[in-house]
Each structure stands twice: as structure tokens, then as C-alpha cells.
Asker: 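One structure follows; several queries about it will come next.
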Amino acid sequence: MIGFRYIRARLSRPGFPSGSYTHPARKMSSQLKDQTLFKEQAFIGGKFVDAASGATFVVTNPATGDKIGSAAEMDVGDLQRAIDTAAAAFKTFRKTSGRARARMIRAWYDLTVANTEDLGRLITLENGKTLAEAKGEVTYAASFMEWFSEEAPRVYGDVIPASNGVNRAFTVKQPVGVCGIITPWNFPAAMITRKVAAAVAAGCTVVVKPDAETPYTALALAELARRAGIPDGVINIVTTSKNLQTVGKELCSSPKIKKISFTGSTNVGKLLMDQASSTLKKCSFELGGNSPFIVFDDVDLDLAVEAAVLSKFRGTGQTCVCANRFFVHAAVYDAFAAKLTAAVAKFRIGNGFDAGVTHGPLIHGRALAKVQDHVDDATAKGATVTIGGAPAAALGANFFEPTVVTGVTQDMKIASEETFGPIAALFKFTTEDEVVELANSVEVGLASYLMTNDVSRVWRIAEGLEFGMVGVNTGAISDAATPFGGVKYSGFGREGSKYGIEEYVTIKSVTIGNIGL
Ligand code: SIN
């Protein structure tokens, strides 16, 4: 087994949290160029506000376990205040022109880009990903603002020849109304902008509930939206930790909310859809994945390994589109395993702020326990760990060694469950039909990957895979320009692209009769 070099968190470095707790405002001031981007209150009606009860919850850094600060522990009453505010704002915001909204979103984009460093630092603090990756996420998040600022003035309807020959018909697309937006911790910026920029471009107002692990990036984005001139009440952020279930339920069942957009697990998606059914809300859900990554024997193995690393270990394996099951052709299985193991041996895990660190911690102990369970289950059933396979406890409670496992078979948990962590599990296959069947054998269908140089095979397999997205000869498929979303238990609806704004509009048809022909 090849070993890793660990980078120890250097907590005493100037500009970074010291091991001992100091007042959050002082800590943050030493870390952000613009300390006013660090907000510990929720955001309703253009103002940063406390929960009516005054309650707060603590947010910690997953790399160190240190307290970063606190956030407002809002309850259903606070949420209703936010919903009422968004509903009042919708009355006027829905009448703004697409061009006016485009300018607001573009100003938000400009401010986001200008504050990339600070937003990146907030992401690294609360999520743990490396600063370079966090800043990359800010660029990715901003790309949705840019994209939807360009879409806002182009929400066209149709002119339709009526069947009877004498009527005339046209359609208009109108904002759906107040939207409830529920976002995860793994992309504290991008999952918000992918939804909110589309909603605002369409003329909707929103109530966002960010994950309790990562509220600060959301609140900083709200502050930038305020500075960009997005009117009060259009974007509202409600933070909660212990009231998660009651607040989520109210968001999904309130008759004033007309749409729910959620990114998260399949189980929670099912629950939210159930809750949203009593008011027949429009929904778009981006849920769990279990991505296959198929490597044929005709491909350049170095390229395949590069793509595998990109797909598998982004965010330390904590993205919905991370490869979860590598299917490698028998003829190149051993060579691919050796090259991937060698590539993983070059990783440096540690505190995301430290120079040279390539991968940060997992988000919390529950995530680490699942990763460990999948490794233990695989090895107990005969798989071999070629690198990693254990917690990196010397670095902190949430670190796990990036891991490659060979000899993985269909009876192991990782074949049917999404690990959401840094394990590359290698299955062996021999025929095209076999691998498509194996790839499709899961309940979910978000992203999939295929490495081959055979163009005809690309078409056959891309059409045969039951997944919403297929990456061919690349491990990086996420782009504001392309539709993002899944099939089967990975949910429905598309984000980004020209389709993303459709999730936030309704189509009205207007028929004009008796036109006096
Ligand atoms: C996700 O993990 O949910 C999103 C990943 C991406 O946008 O690339």
C-alpha cells in the first residue's frame, strides 16, 4: 500500500484561525478583505435580522472543529415573515422588465467576481474545500449569474395558428411566483446562484434555506445582491439548524410558495415532494447520484486517469456528480488501477487554507462514518485497498485518506449506494452490453462518464445510459451553458442552460376570437 504525505493544519499562521477561540468578528476581520461580508443574521426584506426568539446556532469549521461564528436559529414564524415579504415584493417585481432584471443580475455577477477571494475564504471556512477549489466554485457560481442575466430579456412566447382558422393565439411566459429554494452544503455558493439567478431572471422572488453547515456564503451573496440593487424582499435567506424539519415542511406546504427547488438527497427529496403535493407546487429536484465511470480498452489511460481524478475527488468526493463506480475493461484494469493509485498518492490532504493541500476534510463525522463503512464492507467481501482506506485522524476528526479499492463486485454496498466521499471503487467488465446493464442497475440516474475513442460506441452507450448527463472523455461536465439534472430517483427539472429559466415560469395562452375577418 502506498502512503500519503499529510499536510498538518497550520493554525498559528497569520490570517488564519488560531486554535483557541476568539470573538468571531475579530477572527473574520483578519480573514476577509471586506469584513462586512461576514453576516451572522438572516436576511429578510433587504435587512439582516435576528430570529424573533433571538436564538442562534453555532457553525464550525470542518477542518479544525473550531467555531466560526453563529447564525440565526429561525423558526416557522420567522419563515412566514420571509414568505410574506417575498410575496409582497413579487407584486411589483413581477412587473419589472427582463432588461431591468438582467442589469441587476449582471451587477450582482460583477460584485461576486470582485469578491472572489472573500467568498472563497468563506467557502473554505465553512465547507472545508481548498481555497483554490473554493475560488473555482465562486467563478462557477458567478457563471450562473452571468448566464441568467443574459437569459432574462429573452423569455419569449409563441404566436400560434389556431385550429379554427379564425382565432389567433399567443403565449406569454410569466414568473411562477414566490419560490422556496433549499440548498446543500457541498456547493455553498453555486447551488444558490444556479437556482436564484434563474428565478430572479424570470421575475420571481425567493426564500432560500441554505444548509446549516454553510450559511455564511449564502448570507454574503445576499449582501452582494443588496449592493447590486436587487430590490428588498426579492431575495430572502432563512437560516436554521434545529428547526430544519418544521421550516422545510412549512416552505413546502405554504400556499404562498408556488415552486420548490431542492438539491440534496433522494430521501429528503421524496419527503419534500410529499409535503409540496397538498398545494400542487411546481418542483425541480436534483437528488442523489451513483455515477458510473466507464473505461474502455481503446482509450489513452493517462487521459482516463486525469478525468477519473477530476470526477471522483472534486470536493473530496462530495458532489452529486462524482464518479461512484468505475467500470474498467478487463484488458486495462490492472494498468488503470496502478496509474490511478499513483495519481492519488500525489494528493495532499489537510486544511484547505494551507499551501500545497489538494483535498480538504469531509463535512462531518456522519460523512466519514459512511465512507469507512463502504471501505469495510468492500474489504470484508474480498476487495483490496491499493491506497488509503482509513481516517487521517492526525489531521482532524473529519479527514479520510483518499482511497482506491480494486476487486469490487455487485454484492458490495458501494455498488448500490452513493458513498459521497473519496473512494474510487473499481469494477471489472468485458462487454459493452454488460457494462451498460451494470451502469443502469441503480435506482438513480444523474451523471455518467464514458472513456472511449470509438465514435459509434459513444452514440450507442450515451443513448443507452439511463442518466441525465453523460460526459465523454472528460470528468468535468458542469457548465452554466449545459442542462444539469437527472432521471429516475435523481429527480427532475433542469438547471443552467436555456432550459433552467423554464423551471421558474408558467406558460399562459391567450386566444383572440372574433377578429372580424
Ligand atoms: C452537486 O453536487 O449537487 C452539483 C455538482 C455540480 O454542479 O457540478
Side-chain angles (χ1 to χ4, degrees), residues 123 126-130 132-148 181-198 208-211 213-214 217-218 221 260-269 272 283-293 307-324 359-360 362-363 367 370 417-422 444-449 467-471 474-497 499-500 503:
I123 292 172
E126 61 185 3
N127 165 284
K129 65 179 74 173
T130 65
E133 195 170 358
K135 287 198 269 186
E137 183 188 335
V138 177
T139 303
Y140 180 45
S143 74
F144 291 105
M145 298 169 174
E146 185 179 38
W147 180 267
F148 286 112
I181 307 272
I182 305 177
T183 58
W185 49 262
N186 64 339
F187 287 89
M191 294 308 100
I192 290 182
T193 60
R194 183 150 84 185
K195 298 171 191 303
V196 173
V208 182
K209 195 210 74 60
D211 197 276
E213 314 284 351
T214 55
T217 310
L221 285 169
I260 291 288
S261 177
F262 168 66
T263 294
S265 73
T266 296
N267 282 345
V268 175
L272 298 183
C283 294
S284 49
F285 287 166
E286 193 250 282
L287 308 176
N290 186 339
S291 305
F293 188 108
V309 165
L310 259 180
S311 165
K312 174 67 250 183
F313 293 101
R314 178 176 173 222
T316 311
Q318 301 173 108
T319 87
C320 296
V321 292
C322 279
N324 201 56
H359 294 82
L362 294 168
I363 191 72
K370 183 164 192 193
E417 292 177 24
E418 181 182 31
T419 309
F420 227 64
V444 289
L446 190 60
S448 56
Y449 304 86
F467 291 82
M469 297 171 282
V470 184
T474 178
I477 55 171
S478 304
D479 179 353
T482 56
F484 190 105
V487 297
K488 301 186 351 188
Y489 284 11
S490 290
F492 44 81
R494 290 296 177 265
E495 298 192 299
S497 80
Y499 303 107
E503 304 287 339

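Order of listing sets the numbers, starting from 1, for every ligand and every atom in it. Predicted, not measured: the structure shown is a model, and the values here were computed from it.
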Asker: Going by the angle between their ring planes, with limits at 30° and 60°, are Phe285 and Phe492 parallel, tilted or perpendicular?
Answerer: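 Rings of Phe285 and Phe492: tilted, as their planes differ by 30° to 60°.
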Asker: Nearest 0.5 Å, what's the CD-OG1 distance between Gln318 and Thr419?
Answerer: 11.5 Å
Asker: Measure the spacing between CD of Glu418 and OG of Ser265 and express it to the nearest 0.5 Å.
Answerer: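 Separation between the atoms: 9.0 Å.
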Asker: Is the shortest heavy-atom distance from the side chain of Val138 to the side chain of Ile123 under 4.5 Å?
Answerer: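 Side-chain contact under 4.5 Å: yes.
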Asker: What side-chain donor-acceptor pairs closer than 3.5 Å can you find for residues 477-485, not counting sequence neighbours?
Answerer:
residue, atom, partner, partner atom, Å
Asp479, OD1, Ala481, N, 2.9
Thr482, OG1, Asp479, O, 3.2

Asker: Just checking, any donor-acceptor pair under 3.5 angstrom between side chains of Glu126 and Thr217?
Answerer: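 Looking only at side-chain atoms, Thr217 and Glu126 do form a donor-acceptor pair, the distance falling under 3.5 Å.
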Asker: Under a 4.0 Å heavy-atom cut-off, what residues line ligand 1?
Answerer: Tyr140, Asn186, Phe187, Met191, Arg194, Thr263, Glu286, Arg314, Thr319, Cys320, Val321, Ser478, Phe484
